[in-house]
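Lettering of chains follows the sequences in order, A, B, ..., and the numbering in each one begins at 1. Bear in mind the structure is a predicted one, so any value in this text is a computation, not a measurement.
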Amino acid sequence: MNYLDTLNEPQLNAVKNVDGPIMVIAGAGSGKTRVLTYKIAYLMEQGVDSFNILSLTFTNKAAKEMKGRISEIVGGGEARNVTSGTFHSVFSRILRHHAEKLGYPQNFTIYDTQDSRSLLKTIIKELKLDDKVYKPNGVQSRISSAKNNLLTPAAYQANSDIVNEDRQSGKPRMFEIYKQYEKRCFLAGAMDFDDLLFKTNILFRDHPDVLHFYQHRFKYILVDEYQDTNYSQYLIVKKLAAVFQNICVVGDDAQSIYSFRGANIQNILNFKNDYPDYKLYKLEQNYRSSKTIVNAANDVIANNTEQIQKDVWTDNEVGEKIRVVRTLTDNEEGKVTINNIYETKINNQAEHSDFAILYRTNAQSRSFEESLRKMGLPYKIYGGLSFYQRAEIKNILAYYRLTANPQDEEALKRIINYPKRGIGKTSMEKIAIAADHYNNTTTDDVSLWDVIANPKMYPCQIPIGTRTKLNAFVTMMQSFMIDLEKKDAYDLAQHIASSSGILRDLYSDKTPEGVSRYENIQALLSGIKEFTEGVAEDESSFLADFMMDVALLTDADSKDDDKDHITLMTIHASKGLEFKYVYVVGLEENLFPSQMALNSREELEEERRLFYVAVTRAESNCTLSYATSRYRWGNLITSEPSRFIEEIGSKHLVLAKTTFKGGGRSLNQKSMERKIGGTQSGLPKRTLTKLTDTPKKVKGDTSHNLQDLKVGYNVKHERFGKGKVVGLEGSPISKATVFFPKVGNKQLLLKFAKLEIIG
DNA sequence: CTTGCAATGACTGAT
DNA sequence: TCATTGCAAG
């Protein structure tokens with residue numbers, strides 16, 4: 001039982017109290033994952049059957065890692081019987097099991113955001129509504145929040161508040177779109193992300209036997225990141241826990257950052273109402289970060305009004321101050337950041353994986369990526385366009401989807417003319433009209449596929465030439481469908497890829513992009529091969545099994561290619577992670593906090609929590625940076641530093657020199673500085689008032705006298721010793737290649753490497 | 001039906 | 001800036 005000895009008192013209490021409702025409020029870096037992991041291990045040691053444990057985590061990767069650690073503690077293969085994963089993945093599996101009870105096919109498709117937006121666009125067009133008024137994005141989030149609050153289209157229409165809101169915002173027909181969207185999803189045998197939770201609630205509501213079964217199956221329920229659950233998730237958990245009430249939720253109200261997805265802090269605050277005899281444990285000791293970082297983060301979060309009282313502290317050393325870096329443009333921010341990473345890595349002999357660059361929006365990754373590429377440093381960008389969202393991958397997956405579920409309308413639309421087979425817009429419109437017609441005039445549920453596959457039953461006005469092409473497509477798809485449960489996933493996937501013509505189509509494209517698309521398909525196929533080989537003997541390895549949770553996979557879940565790389569991601573994606581050196585970039589008003597969040601206190605406080613999350617990712621060093629101007633939609637806009645920087649006590653901050661002088665840009669920078677009206681160094685006035693005790697750095701310029709460097713000069717480096725210049729780059733010179741007898745050729749950035757000319 | 005070009009509007013965040 | 005959409009010509 002030595003693993004329990006590593007816990008502090010509140011952690012130990014949270015682990016050892018297993019019965020009844022428990023809430024753990026866990027400050028950043030306070031070891032909550034450890035508590036959850038050990039708690040499950042402890043439960044198993046106490047004789048609880050692992051089949052009776054349900055653990056809901058924020059990513060599937062976290063679930064996998066937890067299982068691994070539990071296995072190490074309890075040994076044997078028992079840990080794999082714990083049901084664990086994200087809400088979406090756990091309940092999509094349960095839904096598959098009972099799909100027919102809800103009228104869905106077992107192989108129902110999961111529509112991702114793109115699919116459902118595309119369907120919404122179609123519907124808006126069909127209803128002859130103006131898509132400038134009914135913006136697909138806005139409609140989508142409206143419907144999403146309705147679903148997250150468990151409002152069916154009928155309930156939506158019956159709710160006068162909501163209907164009034166829609167009317168006042170000039171969108172009185174919103175409920176029709178919702179109704180139609182719901183109908184079309186059902187016809188297509190498809191659920192969107194919100195449906196996975198919504199339909200689970202419906203399943204439990206309408207089928208008490210099913211609910212009863214899972215209530216008794218999951219005697220112990222653990223929920224991580226509870227502050228980010230929405231009403232729909234809250235209700236699922238509440239229903240499941242109703243019998244045994246062995247529910248343990250872990251969260252931190254200060255890290256609630258998903259309200260845009262319907263997350264509701266009230267779930268934490270309401271816990272005591274639902275379970276009056278609950279036990280509360282607070283984990284307040286931070287084991288992750290330096291005192292400086294913990295205290296700075298506390299300074300920031302103190303500006304929020306609504307929070308659960310807690311006092312996060314640490315025994316770790318004070319550590320270094322948080323560096324504040326000001327640059328003139330977003331591009332310069334990229335260069336300065338990457339150069340600092342490069343320098344820090346060498347000075348501290350750190351790994352690339354010790355570094356993370358965190359930003360507010362995905363679009364900010366560009367300038368960092370460019371600099372990283374120029375410097376030849378290994379990096380990985382998480383989020384943004386993930387592998388499974390690339391067009392070529394979505395296309396081939398659409399073939400697989402349609403094979404597993406012919407009703408899938410979005411999949412059909414995607415591939416009916418890919419690769420090109422002469423079935424264009426006009427034909428598709430005719431088919432859609434026909435399907436709609438037969439839906440209204442017969443009692444059948446008629447999908448697009450039904451129309452093209454049964455021309456005798458559902459005739460439509462299509463010229464004979466096109467008809468022939470359609471028939472060929474139908475015959476091909478049907479042959480895939482026959483193979484669905486005959487061939488294993490890899491064989492069928494490979495077969496479809498080649499006989500659909502996709503591989504040929506991509507192979508013929510010899511542009512770099514085309515080659516990379518072809519490689520992506522190959523990568524997908526080898527992923528499927530791996531899946532096929534990795535399936536346990538008692539499980540099936542059909543293509544439909546592989547497809548089951550592809551839609552739910554994210555970059556965070558993709559297995560680490562255990563390559564040593566610098567991490568770039570949004571702050572949202574960084575939740576739960578930690579890095580030695582963290583760079584929080586783009587700290588500018590209207591960017592972070594986001595412009596969209598400035599209208600209400602609630603939204604601003606969420607931005608602040610987001611900043612809190614960002615800072616608390618750091619273990620030993622944290623750097624905050626901002627640019628005084630940045631490109632947005634192609635034109636330069638000026639910006640001022642984020643209010644969040646000011647909220648950190650100045651004693652925790654230090655202004656970094658911004659001495660970047662690369663690539664002959666000094667002149668440009670100077671003139672821009674004049675134009676923008678920034679001060680010569682340090683922060684603009686507003687911030688200076690708070691930073692008066694920070695010593696102003698005089699612009700040091702070590703590279704100045706090095707401009708006379710010539711190839712062949714002898715130089716001295718503080719670590720590598722004497723060497724000879726063999727190459728120079730940049731004008732003015734920014735980079736030198738120097739041969740050192742001790743270590744060989746080294747590329748040095750003049751502004752960092754303190755070179756001394758010795759003749 | 002396909003291709004190519006011009007015009008347009010999007011950048012929060014993500015299961 | 002970049003990806004998507006609309007329109008005209010082949």
Student: When all nucleic acid strands are considered with a 4.0 Å heavy-atom cut-off, which category describes A:Asn137: base, sugar-phosphate, or nothing?
Tutor: sugar-phosphate
Student: Send over the distance from A:Lys121 NZ to B:dA10 P, rounded to a whole Å.
Tutor: 11 Å
Student: So, A:Trp633 and B:dG9: ring centres less than 5.5 Å apart, planes less than 30° off, yes or no?
Tutor: no
Student: Under the criterion side chain to side chain donor-acceptor pair (under 3.5 Å), I'd like the reasoning laid out for A:Arg142 against A:Tyr156: C-alpha separation, chi angles, the key distance, then a yes or no.
Tutor: CA-CA 11 Å; A:Arg142 190 89 179 141; A:Tyr156 187 99; 3.2 Å; yes
Student: May I have the distance from A:Lys469 (atom NZ) to B:dT2 (atom C1'), rounded to whole angstrom?
Tutor: 11 Å
Student: Between A:Asn148 (CG) and B:dT15 (P), how many Å, whole number?
Tutor: 14 Å
Student: B:dC1 P sits how many Å from A:Arg421 CZ, rounded?
Tutor: 14 Å
Student: I want to verify a distance call: between B:dC11, B:dT15, B:dA14, whose nearest atom is closest to the A:Thr86 side chain?
Tutor: B:dT15
Student: Tell me which nucleotide among B:dT15, B:dC1, B:dG13 gets nearest to the side chain of A:Thr426.
Tutor: B:dC1
Student: Are any of A:Asn417's side-chain N or O atoms less than 4.0 Å away from OP1 or OP2 of B:dT2?
Tutor: yes
Student: May I ask you to say what A:Tyr258 touches in the nucleic acid, namely base, sugar-phosphate or nothing, with a heavy-atom cut-off under 4.0 Å?
Tutor: sugar-phosphate
Student: If the condition is side-chain hydrogen bond (donor to acceptor under 3.5 Å, both in side chains), which residues does A:Asn304 pass it with, not counting sequence neighbours?
Tutor: A:Arg608
Student: Taking atom C1' of B:dA10 as reference, at what distance in whole Å does atom CG of A:Leu591 sit?
Tutor: 15 Å
Student: Can you find a pair of side-chain heavy atoms, one from A:Glu333 and one from A:Tyr583, that are under 4.5 Å apart?
Tutor: no
Student: Calculate the interatomic distance between A:Leu577 atom CG and B:dA14 atom C1'; express it in whole Å.
Tutor: 15 Å
Student: Is the ring pair A:Phe546/A:Phe531 parallel, tilted or perpendicular, if the boundaries are 30 and 60 degrees?
Tutor: perpendicular
Student: Report yes if at least one side-chain N or O of A:Ser427 is closer than 4.0 Å to OP1 or OP2 of B:dC1; otherwise report no.
Tutor: yes
Student: Please enumerate all residues that pass side-chain hydrogen bond (donor to acceptor under 3.5 Å, both in side chains) together with A:Ser232, with sequence neighbours excluded.
Tutor: A:Asn201
Student: With a 4.0 Å limit, can you tell me whether A:Thr570 has a side-chain N or O closer than that to the phosphate oxygens OP1/OP2 of B:dA14?
Tutor: yes
Student: Which class fits the ring pair A:Phe218 and A:Tyr214: parallel under 30°, tilted 30 to 60°, perpendicular over 60°?
Tutor: parallel
Student: DNA chain C: A:Lys425 or A:Arg366, which has the more 5' nearest nucleotide?
Tutor: A:Arg366
Student: What's the CG-P distance between A:Leu553 and B:dA14, to the nearest Å?
Tutor: 16 Å
Student: Identify, between A:Thr466 and A:Lys135, the residue whose nearest nucleotide on DNA chain B lies closer to the 5' end.
Tutor: A:Thr466
Student: Measure the acute angle between the ring planes of A:Phe611 and A:Phe644, then classify it against the limits of 30° and 60° as parallel, tilted or perpendicular.
Tutor: parallel
Student: Reading DNA chain B from 5' onward, which residue's closest nucleotide shows up sooner: A:Lys132 or A:Met596?
Tutor: A:Lys132
Student: Which is the 5'-most and which the 3'-most nucleotide of DNA chain C that has an atom under 4.0 Å from a heavy atom of chain A?
Tutor: C:dT1 to C:dT5
Student: Base, sugar-phosphate, or nothing for A:Asp194, non-hydrogen atoms under 4.0 angstrom?
Tutor: nothing
Student: Kindly point out which of B:dC11, B:dT15, B:dA14 is positioned nearest to the side chain of A:His88?
Tutor: B:dT15
Student: Passes side chain to side chain donor-acceptor pair (under 3.5 Å), A:Asn405 versus A:Arg401? Steps please.
Tutor: CA-CA 6 Å; A:Asn405 171 19; A:Arg401 276 165 53 177; over 6 Å; no
Student: How close or far is atom C1' of B:dT15 from atom CG of A:Asp224, stated in whole angstroms?
Tutor: 15 Å
Student: A:Asp112 near the nucleic acid: base, sugar-phosphate alone, or nothing, with a heavy-atom cut-off under 4.0 Å?
Tutor: nothing
Student: Please classify the nucleic acid contact of A:Arg632 as base, sugar-phosphate, or nothing, using heavy-atom distances under 4.0 Å.
Tutor: base
Student: Which is true for A:Thr113 with a 4.0 Å heavy-atom rule: it touches a base, it touches only sugar-phosphate, or it touches nothing?
Tutor: base
Student: Does A:Arg609 reach the side chain of A:Ile301, with side-chain heavy atoms less than 4.5 Å apart?
Tutor: yes
Student: Between A:Asn230 and B:dT15, is there a contact of a side-chain N or O with OP1 or OP2 at under 4.0 Å?
Tutor: no
